[in-house]
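Single-structure report; data block below.
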Amino acid sequence: MKILVIGGGGREHAIIKSIKKNPQVEAIYCLPGNGGIAMDAFCVDIKATDLEGIREFVKGHPVDYAVVAPDDPLVLGCVDMLQDMGIPCFGPEAKAAIIEGSKVFSKDLMKKYGIPTAKYETFDDMEKALAYLETAPIPTVVKADGLALGKGVIIAQTPDEAKAAVVSMMQDKQFGKSGERIVIEEFLEGPEVSVLSFTDGKTVVPMISSMDHKRIGDGDTGLNTGGMGTVAPNPYYTEAVAKRCMEEIFLPTIAAMNAEGRTFKGCLYFGLMICADGPKVIEYNCRFGDPETQVVLPLLESDLLTVMQAVTEGRLAETEVKFSDKHACCVILASAGYPTSYKKGFPIRIPADVLPSVFIAGAKKDMGQLVTSGGRVLGVTAVEDSLPKAIESAYAMAQRISFEGAYKRSDIGARALKAVQE
Ligand code: AMP
Ligand code: GLY
């Protein structure tokens, strides 16, 4: 089989490394991929959002199955296009990807179907939003409706900060069209849990839970990033919480999307807050998380491609999806200065015995040498029998990878460890 993967980060590298384990896979194409993914797939420099470029590529190459990984091509209808070309795909159609593409849509969906989430109001008029903030409780969360590279959420600690966020989104158009409509919502407290799930629109199978570390600094301080590390499973996701999530969130969401004529097939990611009065949805993503995938897939014992095909063909109920009972920890190495400005082009050294555990995100080949080309450069994942061992091994491997200015958090997994020990 010849497989096409759309995307080019650490998540796609993890997906490709898992897919490669299937003996039926003869070739994997990755658009655009990156210099590290090129060790495992044939990369062609066509952007994930360049639907016309992807169409042309597919016309010239035999592709038996496609995986569309990032949010923007999904929201743009990449799966719809590939399906129309006769290619079976993993990923939702555009009409279902809207669950991530529009926060107004997802909030209204949850309200309509009684799925627990933060209380909210939506606005397309800036004056009304500013007037509402006069009486809104603080902290207040201001969210751009559309995709904003993960930066469209502002947690305002004062009314002035909230107003500034509204003005920057609606008047200054910081996120372009994505901020024309906004959601203002209640601030929720509690540990966060990421649950990625496989769903074919009939059955939903949660993957092993995980915990992201979004801030740049130790102790969850500093600016938000694309994610500085992950652990799986997440100790806050107890069996009792999992049962409530299935009954109150996962199954109702699948049913709601069906009732709206927007059947979701693919990976539906539930970003959850475990609040004192129960689990609530912080956000839905229409795709695998990054860097959650880098800890979840190494724990998947079943064959990924087989499960993905079962999702596409609506056979998920009859398909085994088994996870190991081990623990995984992924530590991200970023360029100094990320998430603001950083230099690129530094040679990366990875010992051969560590390479199988590495997922490359921001690197390219420059005259045969792998060099940094992005903010988050790579992630390294350890799988061990216990969480402390996984953390220790991941850091031991990270220590042996080098490039100039490499930055990593030193406390990935510390909060999870504390939860286990409490
Ligand atoms: P999102 O882009 O929706 O993933 O939001 C980014 C991050 O903002 C989440 O991972 C949460 O940590 C935080 N967040 C979003 N909504 C809320 C909320 N209502 N209350 C507290 N934190 C939130
Ligand atoms: N790690 C968060 C995300 O993928 O959106």
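Values below: every heavy atom of this structure, side chains too, minus hydrogens, waters and symmetry copies. First listed ligand is number 1; within each ligand, the first listed atom is number 1.
Summary of contacts: the protein heavy atom closest to atom 5 (O) of ligand 2 is Arg287 NH2, 2.9 Å. Protein heavy atom in closest approach to atom 13 (C) of ligand 1: Ile155 CD1, 3.7 Å. If you check which protein heavy atom lies closest to atom 3 (O) of ligand 1, you get Glu283 OE1, 3.3 Å. Looking at atom 17 (C) of ligand 1, its nearest protein heavy atom turns out to be Ile282 CD1, 3.6 Å. The protein heavy-atom contact nearest to atom 5 (O) of ligand 1 is Val153 CG2, 3.5 Å. Atom 12 (O) of ligand 1 has Glu192 OE2, 2.3 Å as its closest protein atom, hydrogens excluded (heavy atom only). Closest to atom 16 (N) of ligand 1, if we only count protein heavy atoms, is Lys143 NZ, 3.1 Å.
Within the listing of ligand 1, atoms 20 (N), 21 (C) sit less than 4.0 angstrom from a heavy atom of Phe187. Interface atoms of ligand 2 facing Asp212, defined by a heavy-atom separation under 4.0 Å, are 1 (N), 2 (C). Within ligand 1, the atoms closer than 4.0 Å to a non-hydrogen atom of Glu185 are 16 (N), 17 (C), 18 (C), 19 (N), numbered from 1 in the order shown. Within ligand 2, counting atoms from 1 as listed, the ones closer than 4.0 Å to a heavy atom of Glu292 are 1 (N), 2 (C), 4 (O). Shown in contact with Gly289 at under 4.0 Å from a heavy atom are these atoms of ligand 2, numbered in order with element: 4 (O).
Residue-level proximity to ligand 1 for Val141 is carried by the side chain, the only part with a heavy atom below 4.0 angstrom. Contacts between Glu186 and ligand 1, counted as non-hydrogen atom pairs separated by less than 4.0 Å, involve the backbone only.
Between atom CG of residue Asp40 and atom CD1 of residue Ile19 there is a gap of 11.5 Å, rounded to the nearest 0.5 Å. For the atom pair Lys111 NZ and Ser106 OG, the distance stands at 12.5 Å (nearest 0.5 Å). Atoms CG and NZ, from Asp303 and Lys21 in turn, are 8.5 Å apart once rounded to the nearest 0.5 Å.
The shell of residues lying under 4.0 angstrom from ligand 2, judged by heavy atoms, includes Tyr269. Contact annotation: Met273 has at least one heavy atom less than 4.0 Å from an atom of ligand 1. The shortest heavy-atom distance from Arg11 to ligand 2 is not under 4.0 Å.
Counting all heavy atoms, side chain and backbone alike, Phe90 lies closest to Val79 at O-CG2, 4.4 Å.
In terms of polar-atom proximity, defined here as any N/O pair under 3.5 Å, Asn224 makes no such contact with ligand 1. Between Leu188 and ligand 1, at least one N/O pair is under 3.5 Å apart.
Ser178 places a side-chain N or O within 3.5 Å of a backbone atom of Leu147 that can act as its donor or acceptor partner.
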Quiz item: Taking it one step at a time, do Lys112 and Glu260 satisfy salt bridge (charged side-chain N to carboxylate O under 4.0 Å, His left out)?
Solution: CA-CA 11 Å; Lys112 183 170 170 187; Glu260 294 292 311; 2.6 Å; yes

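In summary, Asp145 and Lys107 do not engage in a salt bridge, as defined by a charged side-chain N under 4.0 Å from a carboxylate O. A salt bridge is defined here as a Lys NZ or Arg NE, NH1 or NH2 lying under 4.0 Å from an Asp or Glu carboxylate O, and Glu247 with Lys243 meets this definition. Look at Arg315 and Glu313 and you find a salt bridge, because one of the NZ, NE, NH1 or NH2 atoms lies within 4.0 Å of a carboxylate O, short of that distance.
Annotation: Phe270 is in aromatic contact with Phe250 [ring centroid separation under 6.0 Å]. Taking the centre of each ring, Tyr29 and Phe57 come in below the 6.0 Å mark.
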